[in-house]
S.K.: 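Got a structure for you, written out below as structure tokens; questions coming shortly.
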There are 2 protein chains.
Amino acid sequence: MTYNHEKIWLSIDCLVFGYDVKDENLKLLLFERKVNPFAGSWSLIGGFVNVNEDICHSAERVLKTFTGLEDVFLEQLHTFGKTERDPGGRVVSILYWSLIKLDDIKKDIVNSHGARWFELDKLPNLILDHERMVNLGVSQLKKNAISSPIGFELLPEKFTIPQLLRLYEAIYNRSIDDRNFRKKILSTDILIRLNEKDKTNSKKGAYLYKFNEENYQRLKSEGYHLDIAIG
Amino acid sequence: MTYNHEKIWLSIDCLVFGYDVKDENLKLLLFERKVNPFAGSWSLIGGFVNVNEDICHSAERVLKTFTGLEDVFLEQLHTFGKTERDPGGRVVSILYWSLIKLDDIKKDIVNSHGARWFELDKLPNLILDHERMVNLGVSQLKKNAISSPIGFELLPEKFTIPQLLRLYEAIYNRSIDDRNFRKKILSTDILIRLNEKDKTNSKKGAYLYKFNEENYQRLKSEGYHLDIAIG
DNA sequence: GCAAAAGTGTTCTTAGTACACCCATGA
DNA sequence: TCATGGGTGTACTAAGAACACTTTTGC
């Protein structure tokens, strides 16, 4: 014991946003809390930080434990530390968020761990300050979708432009002009068109694209600002 | 004791940026560390979070203790939690930043508390991961100066447009066209021109302005993006 | 041949950029 | 009267916004 000071419980909470190209809906993963206080209520997934564990690893562990998922986008957002935030004791909580490309396999994995997906406008009441956390996450989603390619984290590796457009419409909750959207996103050169079409949504079929990480990094280092929020 | 889990030391580190309209230089406040490990080395100001204290109050306390300053801009940036970040023990640290309008009075207050201002390009070596923290702060400064009026936090209540321009040049470390800067910043309506001139820098004198908080809030809620980085 | 989604181009308007001169004043 | 910093305007260019029709194909 090298420092002489009182210690504090430190926890992780994790916002897990998921998007399914099929039903075109943004979803949030919630869990029915098993421990008191508030056993039986809905909450974000979370857990305590261990002494011998980097906080980013705690976040990965929490995500893995509750969803079975790993190697997905996971980033720190903010730390919540009001003394009265948890009536069960003084717990400071570090909020992370994860963005998931939903498919049936991942839905099954998550379901088998007991968590449940909720549509963003149909959330139940949440415990503690978790509602504030959700609000922060939603506003970050809107803010970041403009300037960084978090959108691609929510889509499968191969996706069509209409799917990407539909995702942005879901994030911003309004309709976007498809001609301008297309022009803008293609002019940035961060998409690679494949010689494949996806025909699940139309008879004509839509070209599949991949995200071009390299070009995106170049653009970003040049200080480019995507600004995809097109009326 | 309601939760059964190990606790952790939680600390605050605080980046304090200061700007003095007279010498037109961005400065960072550092402190010579008094406690081991690393006694005698330079570090950010910081301290432990108490169990009965909101983390934002911890940050205010740390700032007050080391600088005598209160009621200034103070915001959370990021939490650092690698297990090996402090060889003195497992300490997770929440980084805050504060932006200070420097004048002689504030410089005296700070000096009398034993901290010292360093120009950004003349920083000494820093302990632990404090260099990473500084880098994060500097990049946040550049990022936020574009889209939010943090610049005004660094200027006195009344300031001239050349002073504001000089500050942005200091933040972005390059020269900015004064005609375009003026046009842009005035077109946003977030400045109020006063019927006073500041003649410290010229015989003609430059009009003093105040920041218009109300108009800024309106602009922000309309989703406006300032984009002051003018070539 | 028709329904349904994918894909394409043009005009207009707005905002950014580059650039040079006059103004007010104290010394 | 002149040196110094403060203030203004215009022409050009690039990007955003609004908007309608053709293409492909399975049924």
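Note on naming: letters A, B, ... go to the chains in the order of the sequence lines (proteins, then strands), and numbering restarts at 1 for each one.
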S.K.: Atom CG of B:Leu164 and atom C1' of D:dG5: how far apart are they, to the nearest Å?
M.R.: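 Whole-Å distance recorded here is 17 Å.
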
S.K.: Is the shortest side-chain N to carboxylate O distance from B:Asp177 to B:Arg179 below 4.0 Å?
M.R.: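 Yes, charged N to carboxylate O under 4.0 Å.
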
S.K.: Give a yes or no on whether a donor-acceptor pair under 3.5 Å exists between the nucleobase atoms of C:dA18, that is its base, and the side chain of B:Asn180.
M.R.: yes

S.K.: Check side chain to side chain donor-acceptor pair (under 3.5 Å) between A:Lys197 and all other residues, then give those that pass, not counting sequence neighbours.
M.R.: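 Not a single residue meets the side chain to side chain donor-acceptor pair (under 3.5 Å) criterion with A:Lys197.
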
S.K.: Calculate the interatomic distance between B:Tyr207 atom OH and C:dA24 atom C1'; express it in whole Å.
M.R.: 10 Å

S.K.: Starting at the 5' end of nucleotides 21-27 of chain D, put B wherever the base has a protein heavy atom under 4.0 Å, S where only the sugar-phosphate does, and a dash everywhere else.
M.R.: --BBBB-

S.K.: Would you sort out whether A:Phe159 and A:Phe152 count as a ring-ring contact (aromatic ring centres under 6.0 Å, His included), showing the intermediate values?
M.R.: CA-CA 9 Å; A:Phe159 53 87; A:Phe152 304 111; 5.5 Å; yes

S.K.: Give a yes/no on whether any side-chain N or O of A:Arg182 is located under 4.0 angstrom from OP1 or OP2 of C:dG7.
M.R.: yes

S.K.: Identify, with sequence neighbours excluded, every residue that meets side chain to side chain donor-acceptor pair (under 3.5 Å) alongside B:Glu70.
M.R.: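 Listed in chain order: B:Lys64.
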
S.K.: How long is the line joining CG of A:Leu208 and P of C:dA5, in whole Å?
M.R.: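 Value for this atom pair: 18 Å.
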
S.K.: Any Lys/Arg nitrogen of B:Asp13 or B:Arg85 sitting under 4.0 Å from an Asp/Glu carboxylate oxygen of the other?
M.R.: yes

S.K.: Could you give the CG-to-P distance, from B:Asp178 to D:dG9, as a whole number of Å?
M.R.: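 Checked: the CG to P distance equals 14 Å.
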
S.K.: What is the distance from OH of B:Tyr209 to P of D:dG6, rounded to the nearest Å?
M.R.: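 Result: 12 Å.
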
S.K.: What is the distance from CD1 of A:Ile185 to P of D:dG16, rounded to the nearest Å?
M.R.: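 Result: 12 Å.
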
S.K.: Rounding to an integer number of Å, can you tell me how far B:Phe181 CZ sits from D:dG6 C1'?
M.R.: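 For the pair B:Phe181 CZ and D:dG6 C1', the rounded distance is 14 Å.
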
S.K.: Reading DNA chain C from 5' onward, which residue's closest nucleotide shows up sooner: B:Lys183 or A:Arg166?
M.R.: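 It is A:Arg166, whose closest nucleotide lies nearer the 5' terminus.
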
S.K.: Does any donor atom in the side chain of A:Asn215 or A:Arg218 lie under 3.5 Å from an acceptor atom in the other side chain?
M.R.: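 The criterion, which ignores hydrogens and geometry beyond distance, is satisfied for A:Arg218 and A:Asn215.
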
S.K.: Looking at A:Lys210 and A:Glu157, is any side-chain nitrogen of the basic one under 4.0 Å from a carboxylate oxygen of the acidic one?
M.R.: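 A salt bridge is absent here (no side-chain N lies under 4.0 Å from a carboxylate O).
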
S.K.: Does the D:dA20 base have a donor-acceptor partner in the side chain of A:Arg179 within less than 3.5 Å?
M.R.: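 Side chain to base: pair found, below 3.5 Å.
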
S.K.: Could you give the CG-to-C1' distance, from A:Leu186 to C:dT8, as a whole number of Å?
M.R.: 11 Å

